[in-house]
Amino acid sequence: MRTPLRPRRATALAAVGALTTGLLLTAPQPAAAANLVKNPGFETAGAGDMPYCWSKSGWGDNDFTFTVTDDAHTGGKAMKVELTRRVDGDRKALITESAECAPVVTPGKQYDLSLWYKSTTPDTSVTLFRHDAGAGWQYWTDLKTLDMAAAWTEAGVRTPEVPAGTDRIAWGVSVYGTGSVTTDDYTMEQVAEPVPDPECTGTAAECADGKWEVLPTRNPVRSMHSVVLHNGKVLLIAGSGNDPELFEAGTFTSAVYDPENGTYQTIPTPDDMFCAGHVQLKDGRVLVMSGNKGYPSADGTIGYQGYKDSYIFDPETETYSRTNDMNDGHWYPSATILGNGDVISFGGLREDSTGSVTAELWSDAEQQWLPTWKVNQTWSYWGLYPSMILMQDGRLFYSGSHVFGNNIPGTGAAIYDYEANTITQVPGLQNKDERDQSASVLLPPAQDQKVLTLGGGNIDTNPDANRLTDIIDLKDPDPGYVAGPPIPQGTVDLGDGRVPQTGDQGKMYVSAVLLPDGKVLETGGALHNRADPVYETSVFDPASETFDPVAADPEARGYHSSAFLLPDGRVMATGDNPGDGSWNHDVSIYSPPYLFRGERPEITSLIDTEWTYGDTQRITVDRPIAKAELIRPAAVTHSSDPNQRFVDLPLSVDGSNVDLNVTSNPNLAPPGWYMLFVVDANGVPSVAKWVHLQGPQALTAKDASAHVHDFAQAPEGKVTGPGNKRTSHPVSPRISGCDRHYGSANVCVPTVFPDEVKPATTARCTWLKDHDYGRLKVNGKDDPLRLDRNRDGIACGKGDLARR
């Protein structure tokens with residue numbers, strides 16, 4: 001029996017009826033709905049050469065004209081805006097930004113906009129500005145690209161929910177390419193109220209907090225890399241799985257998991273892809289770069305080594321094929337796909353265990369790694385798995401999330417401009433040297449250009465992991481992080497069972513997953529270096545910038561764990577590799593609360609799965625929907641997936657037919673396969689359909705007319721250009737936070753114990769015993785942690801404890 005959903009507890013993010021921040025589609029407005037646009041047909045003259053309540057607007061280097069023409073749709077006047085030369089910028093006739101002219105709006109409501117137009121250019125967009133009671137007028141969003149039309153054509157679109165603090169909006173049609181647009185008969189009407197609250201189809205706890213289940217079939221490989229393929233399956237890469245015995249035996253593994261039937265297929269793996277980099281190419285194949293050429297030496301004088309090898313995994317044949325080599329070794333490299341389909345990679349360790357300062361570029365056109373001389377080089381060391389997020393103007397944002405120890409020098413976050421070959425430091429990241437294995441994510445929707453960074457620690461100094469979050473708006477002309485709300489606390493297992501977290505205890509090894517309802521799930525983590533798992537999961541709402549605690553994964557998910565979105569809207573979590581070298585093969589599946597809110601909407605038809613930038617794609621749905629979006633499938637490891645993004649698709653509606661307006665900017669949605677979700681007014685998503693976004697062939701990130709507004713153009717932080725050419729960056733062989741004097745190479749005895757562990761043999765050995773380290777052989781003659789006091793070659797033996 002279904003029961004009505006009750007409002008969430010006081011910490012909930014929003015009432016069920018206001019779950020969406022996207023484009024709400026309900027029943028059409030009645031014909032008598034009031035038009036909120038004054039002088040919608042330009043018939044009333046103004047004080048100057050523009051009609052009453054209309055103003056000239058725009059920016060950039062271009063030649064333009066504004067003309068009140070008698071070539072009208074109705075009445076005797078229309079507005080023509082024409083560009084005859086353009087280097088950059090746009091021009092638009094805009095509703096005057098004044099209390100007299102700009103329509104009054106209500107926060108949380110949505111509005112249907114429509115107009116009639118004729119156009120000789122495809123480079124147009126319906127552009128919105130909003131008035132914030134505190135901040136004044138500001139750019140809001142672009143909603144729709146208008147197709148070229150020789151005859152009068154009607155265009156309609158629905159706004160997102162009006163943000164809090166907004167009391168008026170202004171809008172018009174931007175022209176950002178040579179040609180003209182003539183417009184007439186503007187309308188703006190408030191959308192009807194949303195559908196009633198949903199009914200709960202599960203238990204009260206499931207409807208409030210979702211549900212985790214541990215699958216009966218275990219993951220057969222020690223996978224720390226997870227890639228969702230465009231056929232719905234999941235590639236799980238282990239390589240040697242951080243097991244030196246498997247490395248010595250040449251036993252390298254991957255598996256493909258099929259969520260449809262719950263089965264795993266083990267895949268022959270040609271190299272040790274343990275701690276490689278990976279990214280989906282625009283055709284859906286997976287580029288895997290570098291990996292582990294060698295484990296540290298027994299005496300700890302040589303660290304991990306990264307090889308130059310690179311492979312492509314083909315989802316159709318489920319096989320690997322080798323590419324040309326990279327220019328350098330890169331154990332723990334970044335991998336970011338660009339708007340033209342190229343891939344850029346930084347960081348990691350070279351074949352000699354030093355840090356790589358070589359930037360690598362995979363050419364989509366040539367299908368190979370380019371030689372160093374063809375790639376802009378700053379000779380900078382970015383660390384390990386530096387989180388490099390593509391911005392809407394083609395630059396990269398280094399968020400400060402990384403792996404192992406301290407952050408890079410400076411502020412710990414930066415904007416990297418490949419074309420100018422400059423690095424500009426970005427301020428505001430809290431405790432920059434305690435963001436080791438934090439998570440960073442481009443918040444929904446990608447058009448907002450906001451990044452959330454959360455959690456982290458430092459395996460070298462091993463403090464309690466933190467609860468910090470930081471948010472940056474990359475549209476700001478001078479962007480900087482501001483502090484966000486702390487991560488909610490859960491329970492932590494310190495060795496004697498779970499206890500509530502206290503003080504400022506947070507977590508590192510965080511997983512952050514974009515959900516189709518426009519929120520972010522954060523889950524998993526641990527309090528210390530490969531120890532003390534934290535059991536806490538919550539949902540972050542970008543609209544309210546608040547966390548809502550939900551059900552926690554029952555399994556430990558620390559080092560080498562991953563969580564990622566499946567096409568059916570559930571979240572899968574795998575892995576955990578504590579310091580004793582063991583591995584958690586259990587797999588957890590999370591069903592968010594939106595899966596217990598009644599029937600799911602369905603995409604009943606999809607005319608085309610091949611999508612083009614700036615296109616309009618029609619789908620049909622079986623019921624009213626609130627919004628639609630593209631979500632790029634996961635390619636995640638070590639809390640890092642810089643390519644994860646949620647791209648909003650503005651809607652135009654005709655009954656069950658929905659036209660989706662695809663961004664014209666490939667930097668917002670780099671080419672490749674995406675999951676297409678539609679979501680109803682109660683936040684319930686459909687099962688995803690797969691669509692392939694690319695082309696037309698002439699469209700590239702460099703020359704696309706993407707209508708990028710002026711933002712983050714000249715950050716005021718310290719700017720550096722290329723440094724002196726150098727071979728590498730010195731790196732300690734203990735960079736992984738493990739003292740190699742004890743145990744095998746995959747066992748991580750911490751170089752620094754947690755603060756509460758006294759620096760005495762008994763206390764350290766007790767901690768190691770509580771964390772299941774077992775028998776530890778001493779490698780070599782040194783005993784820096786004083787664990788082998790009787791010098792019998794075994795750490796924490798009975799004789800060592802007796803000697804104190």
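These numbers come from a predicted model, not from an experiment.
Taking 4.5 Å as the limit, every side-chain heavy atom of Gln617 sits out of range of all side-chain heavy atoms of Leu676. In this structure, Pro633 and Trp690 have side chains that are in contact, with non-hydrogen atoms separated by less than 4.5 Å.
A ring pair (Phe, Tyr, Trp, His ring centres under 6.0 Å) check over residues 66-120, counting only residues at least two apart or in different chains, returns the pairs Phe64-Phe66, His73-Trp116, His73-Trp152. Screening residues 103-155 for disulfide bond (SG atoms under 2.5 Å apart) gives no qualifying pairs among residues at least two apart or on separate chains. Sorted by first and then second residue, the pairs that involve residues 59-118 and meet disulfide bond (SG atoms under 2.5 Å apart), not counting sequence neighbours, are Cys53-Cys101.
For the atom pair Asp147 CG and Thr616 OG1, the distance stands at 5.0 Å (nearest 0.5 Å). Rounded to the nearest 0.5 Å, atoms CG (Leu443) and CZ (Arg645) are 12.0 Å apart. A distance of 9.0 Å separates NZ of Lys92 from CH2 of Trp59, quoted to the nearest 0.5 Å. Between Leu514 atom CG and Lys519 atom NZ the span is 13.0 Å, to the nearest 0.5 Å. A distance of 6.0 Å separates CZ of Arg632 from CG of Asn643, quoted to the nearest 0.5 Å.
With sequence neighbours excluded, no residue satisfies side chain to side chain contact (heavy atoms under 4.5 Å, CB included) with Ala164. Every residue meeting the side chain to side chain contact (heavy atoms under 4.5 Å, CB included) condition with Val37, not counting sequence neighbours, appears here in chain and number order: Asn35, Pro40, Trp54, Ile95, Trp171, Tyr186, Met188. Residues satisfying the side chain to side chain contact (heavy atoms under 4.5 Å, CB included) criterion with Thr604, sequence neighbours excluded, are Glu602, Thr620, Asp622.
A side-chain donor-acceptor contact under 3.5 Å links Asp88 to the backbone of Asp61. No donor-acceptor distance shorter than 3.5 angstrom exists from the side chain of Asn665 to the backbone of Ala669, with no hydrogens or angles considered. With hydrogens and angles disregarded, no donor-acceptor distance shorter than 3.5 Å links the side chain of Tyr481 to the backbone of Gly484. In this structure a side-chain-to-backbone donor-acceptor pair under 3.5 Å is missing from Asn661 to Thr145. Under a 3.5 Å cut-off, the side chain of Lys118 and the backbone N or O of Thr153 do not form any donor-acceptor pair.
Judged by distance alone, the side chains of Thr166 and Arg130 do bring a donor and an acceptor atom under 3.5 Å apart. In this model, a donor atom of one side chain and an acceptor atom of the other lie less than 3.5 Å apart for Asp342 and Asn340. Checking Arg85 against Asn62 by side-chain atom types alone, no donor-acceptor pair falls below 3.5 Å.
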For Tyr176 and Thr121: C-alpha separation, side-chain torsions, deciding distance, then whether side-chain contact (heavy atoms from CB on, under 4.5 Å) applies. CA-CA 9 Å; Tyr176 53 94; Thr121 173; over 6 Å; no

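A pairwise comparison of heavy atoms in Lys282 and His692 identifies O-NE2, 2.5 Å as the closest pair.
When the options Pro51, Ser57, Ser55 are evaluated for a side-chain contact (heavy atoms from CB on, under 4.5 Å) with Thr96, the one that passes is Ser55.
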